[in-house]
Amino acid sequence: GESVGLHLPTLSVQEGDNSIINCAYSNSASDYFIWYKQESGKGPQFIIDIRSNMDKRQGQRVTVLLNKTVKHLSLQIAATQPGDSAVYFCAENPLGGYNKLIFGAGTRLAVHP
Amino acid sequence: DAGITQSPRHKVTETGTPVTLRCHQTENHRYMYWYRQDPGHGLRLIHYSYGVKDTDKGEVSDGYSVSRSKTEDFLLTLESATSSQTSVYFCAISEGTGEQYFGPGTRLTVT
């Protein structure tokens with residue numbers, strides 16, 4: 001499949017543990033943030049998003065936390081499963097709106113049985 | 001892949017030749033996007049469209065042009081391919097309220 005990054009930071013976790021993937025964003029003007037998951041050879045898949053008027057948003061087994069003071073975003077995955085193994089990207093909208101997103105390079109999550 | 005197809009899925013071409021990649025959607029979404037993905041850079045926006053015949057440049061638009069004559073199709077053209085355009089290209093669609101849905105990608109190699 002397509003290689004999304006040869007030297008990505010990697011987070012290794014045991015199956016069943018909780019995972020926390022961090023993302024530092026660059027622009028204090030950004031008011032929309034989004035997380036994607038990309039499995040090898042596939043296109044990015046939407047996980048969850050959050051707007052700057054919120055600090056926390058929960059989905060199914062995932063939670064996104066936003067700390068605007070330090071420009072930090074995190075994705076928490078509960079009870080990590082082997083199927084969660086993938087590269088995870090965050091994105092922000094420094095120019096406002098939803099069209100010109102800036103994506104981070106990503107973090108590889110490796111889940112071990 | 002949210003009703004998005006890309007063609008071709010793989011292409012090898014020579015430097016200086018024109019190349020057109022096609023994105024087709026069945027979701028009737030207004031917005032369509034072309035990204036490239038390279039190791040260490042994440043996804044970078046090339047061009048996007050906000051309606052038929054309405055397009056705008058992204059972060060890395062030099063050397064690329066786009067066209068959208070129908071809601072469902074968004075074409076990306078490399079007028080004269082260069083080796084620096086070797087990449088994986090992703091199309092995405094959106095209703096304009098946030099999340100974008102991505103296609104399966106096209107791997108382009110320029111030799």
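Proteins come first, then strands; the chains are lettered A, B, ... in the order of their sequence lines, and each starts at number 1.
- F33(A) and F89(A) fall into different hydrophobic clusters, where Ile, Leu, Val, Met, Phe, Trp and Tyr residues are linked whenever their side-chain heavy atoms come under 4.5 Å apart, directly or through other members.
- Tracing side-chain contacts under 4.5 Å through hydrophobic residues (I, L, V, M, F, W, Y), one never reaches I102(A) starting from V60(B); they form parts of separate clusters.
- Under the 4.5 Å side-chain heavy-atom criterion for ILVMFWY residues, no single connected hydrophobic cluster contains both Y25(A) and I34(A).
- Sorted by first then second residue, the ring-ring contact (aromatic ring centres under 6.0 Å, His included) pairs that include residues 90-113 of chain A, not counting sequence neighbours, are Y32(A)-Y98(A), Y36(A)-F103(A), F103(A)-Y35(B).
- In this structure, the portions of L43(B) lying under 4.5 Å from any heavy atom of chain A include both its backbone and its side chain.
- Contacts of E59(B) with chain A are made by side-chain atoms alone, with heavy-atom separations under 4.5 Å and no backbone atom involved.
- Using a 4.5 Å cut-off between heavy atoms, I48(A) makes no contact with chain B at all.
- Residues of residues 49-70 of chain A lying within less than 4.5 angstrom of chain B, judged on heavy atoms, are D49(A), R51(A) in numerical order.
- Residues L75(B) and Y48(B) are members of separate hydrophobic clusters, defined by side-chain heavy-atom contacts under 4.5 angstrom among Ile, Leu, Val, Met, Phe, Trp and Tyr.
- With a 4.5 Å cut-off on side-chain heavy atoms, D56(B) and K100(A) count as touching.
- Chain A forms the most heavy-atom pairs under 4.5 Å with one residue out of G96(B), G98(B), C91(B), and that residue is G98(B).
- The number of heavy atoms from other shown groups lying within 6.0 Å of CD (E14(B)) does not exceed 12.
- Heavy-atom minimum distance, N99(A) versus L45(B): O-CD2, 3.7 Å.
- Connection of Y64(B) to V110(B) is established within a shared hydrophobic cluster, with ILVMFWY side chains joined at heavy-atom distances below 4.5 Å, either directly or through further cluster members.
- Scanning both residues, Q38(A) and F90(B), for their nearest heavy atoms gives NE2-CZ, 3.4 Å.
- F46(A) approaches Q100(B) most closely through the heavy-atom pair CB-O, 4.4 Å.
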